[in-house]
Amino acid sequence: MNRSFESYSSNPSIFPIFNAPPTNGIPLPIPSNSDIMSHDVLIKRAGMYQDYMKQIPIPSHRGSVIPFTSWMGLGRSLKQLYGQPLHYLTNVLLKQWDQRRIGSADELTPLDDIIHPCKAEAMVWLAEEVHRKTSSHFQIADLWMLDPKYNAFLDSIFPKLENSS
């Protein structure tokens, strides 16, 4: 499929990506359950999501050394410390990394005893930068289509963007 987001964004109707309050007192339309799984709707939502995530700068300073026992735990700590969401794909990646430890010899060993917390944090932010800057909203929409519970990996953190008013 070679479609551009612009071809889908010509329709002024907006589908909310997050459970955020309405803006300017104008309630946003909530799609029906059948619309939520429509591929075209998912492409629009993924396009808006990806555009939003591209606007959030990756932190340039490190807050502190973060102790962690799992990748998802590190992700939660990073979200809390820096007050910003992690990309859907990063959240999925962290869950996969945790799942891949199951059955390993060091499964019960806290991860910060295996991988230095600074290296682990840098690795998460590198993956986050790749996901924010280079991910195709078409691919994200395809993944969302396969996972009806994709919203569980969309963070409800809304940082103030530098260029927003």
Side-chain angles (χ1 to χ4, degrees), residues 1 5 15-21 30-31 33 36-39 41-164:
M1 277 190 289
F5 177 66
F15 295 94
I17 299 171
F18 310 106
N19 293 326
I30 298 175
N33 286 341
I36 288 174
M37 292 309 295
S38 158
H39 195 249
V41 169
L42 286 178
I43 289 172
K44 287 179 188 180
R45 290 170 58 107
M48 291 187 294
Y49 174 77
Q50 187 63 22
D51 288 345
Y52 172 74
M53 292 303 289
K54 282 181 182 180
Q55 295 177 47
I56 304 171
I58 300 292
S60 58
H61 67 284
R62 301 293 180 252
S64 62
V65 174
I66 303 170
F68 65 104
T69 57
S70 69
W71 288 108
M72 290 185 73
L74 176 60
R76 279 188 298 275
S77 295
L78 292 175
K79 295 171 207 179
Q80 186 175 19
L81 182 64
Y82 295 100
Q84 63 173 261
L86 291 179
H87 196 281
Y88 165 81
L89 294 173
T90 304
N91 284 319
V92 170
L93 181 64
L94 297 179
K95 180 182 177 187
Q96 290 172 344
W97 285 350
D98 279 342
Q99 290 172 334
R100 289 185 179 122
R101 291 188 70 207
I102 297 171
S104 71
D106 61 2
E107 176 183 358
L108 300 177
T109 306
L111 271 175
D112 59 1
D113 287 346
I114 300 168
I115 300 170
H116 191 279
C118 292
K119 287 182 180 179
E121 181 179 348
M123 199 159 73
V124 171
W125 286 122
L126 286 171
E128 181 68 11
E129 186 171 20
V130 168
H131 293 146
R132 286 184 188 178
K133 292 183 175 181
T134 67
S135 296
S136 161
H137 66 283
F138 293 112
Q139 295 298 318
I140 294 169
D142 288 344
L143 291 171
W144 289 355
M145 191 73 164
L146 296 172
D147 181 11
K149 296 182 181 183
Y150 70 89
N151 281 313
F153 293 101
L154 297 178
D155 296 325
S156 297
I157 301 171
F158 306 100
K160 181 168 174 52
L161 300 176
E162 292 175 12
N163 60 355
S164 66

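Checked against salt bridge (charged side-chain N to carboxylate O under 4.0 Å, His left out), Lys54 has no partners two or more places apart in sequence or in another chain. Applying the side chain to side chain contact (heavy atoms under 4.5 Å, CB included) criterion to Gln139, with sequence neighbours excluded, gives Ser136, Asp142. Remark: Gln99 pairs with no residue by the side chain to side chain donor-acceptor pair (under 3.5 Å) rule, at least two apart or across chains. The side chain to side chain contact (heavy atoms under 4.5 Å, CB included) search around Lys149 returns Asp147, not counting sequence neighbours. Listed by chain and number, the residues in a side chain to side chain contact (heavy atoms under 4.5 Å, CB included) with Ser77 are Ile66 (sequence neighbours excluded).
Atom-to-atom distance recorded for Met53:CE and Lys133:NZ is 12.5 Å, nearest 0.5 angstrom. Note: Leu86 CG to Ile56 CD1 = 9.5 Å, rounded to the nearest 0.5 Å. To the nearest 0.5 Å, atom CZ of residue Arg132 and atom OH of residue Tyr52 are 9.0 Å apart. Taken from CG in Leu94 to CE in Met123, the straight-line distance is 9.0 Å, to the nearest 0.5 Å. Separating the CD atom in Gln84 from the CD1 atom in Ile157 is a distance of 8.5 Å, to the nearest 0.5 Å. Put simply, CD1 on Ile43 and CE on Met145 are 9.0 Å apart, with the number rounded to the nearest 0.5 Å.
Side-chain contact check for His137 versus Met48: every heavy-atom pair is 4.5 Å or farther apart. When side chains are defined from C-beta on, Glu128 does not count as touching Leu78, because their heavy atoms never get closer than 4.5 Å. Residues Pro159 and Pro85 form a side-chain contact, since some pair of their non-hydrogen atoms from C-beta on lies under 4.5 Å apart.
A donor-acceptor pair shorter than 3.5 Å cannot be found between the side chains of Trp125 and Glu129.
Nearest heavy atoms, Asp112 versus Pro67: OD2-CA, 3.3 Å. Nearest heavy atom pair, residue Ile140 against residue Ala46, reads CG2-CB, 4.0 Å. Across every non-hydrogen atom of Ala127 and Leu93, the tightest pair is CB-CD2, 4.0 Å.
Sorted by first then second residue, the salt bridge (charged side-chain N to carboxylate O under 4.0 Å, His left out) pairs that include residues 70-95, not counting sequence neighbours, are Lys79-Asp155. For residues 88-113, the pairs satisfying ring pair (Phe, Tyr, Trp, His ring centres under 6.0 Å) are Trp71-Trp97, Tyr88-Trp144, with sequence neighbours left out.
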In a table with atom names and distances, give each donor-acceptor pair under 3.5 Å that connects a side chain of residues 100-107 to protein atoms at least two apart or in another chain.
| from | atom 1 | to | atom 2 | distance (Å) |
| --- | --- | --- | --- | --- |
| Arg101 | NH1 | Thr69 | O | 3.4 |
| Arg101 | NH2 | Asp106 | O | 2.6 |
| Arg101 | NH2 | Glu107 | O | 3.3 |
| Arg101 | NH2 | Thr109 | O | 2.6 |
| Ser104 | OG | Arg101 | O | 2.8 |
| Ser104 | OG | Asp106 | OD1 | 2.8 |
| Ser104 | OG | Glu107 | N | 3.3 |
| Glu107 | OE1 | Gly103 | N | 2.9 |

* Tell me, with the steps shown, if Val124 and Leu74 meet side chain to side chain contact (heavy atoms under 4.5 Å, CB included). => CA-CA 9 Å; Val124 171; Leu74 176 60; 3.9 Å; yes
* Determine, step by step, whether Val92 and Leu143 satisfy the side chain to side chain contact (heavy atoms under 4.5 Å, CB included) criterion, reporting the C-alpha distance in whole Å, the side-chain angles of both residues, the deciding distance to 0.1 Å, and the verdict. => CA-CA 11 Å; Val92 170; Leu143 291 171; over 6 Å; no
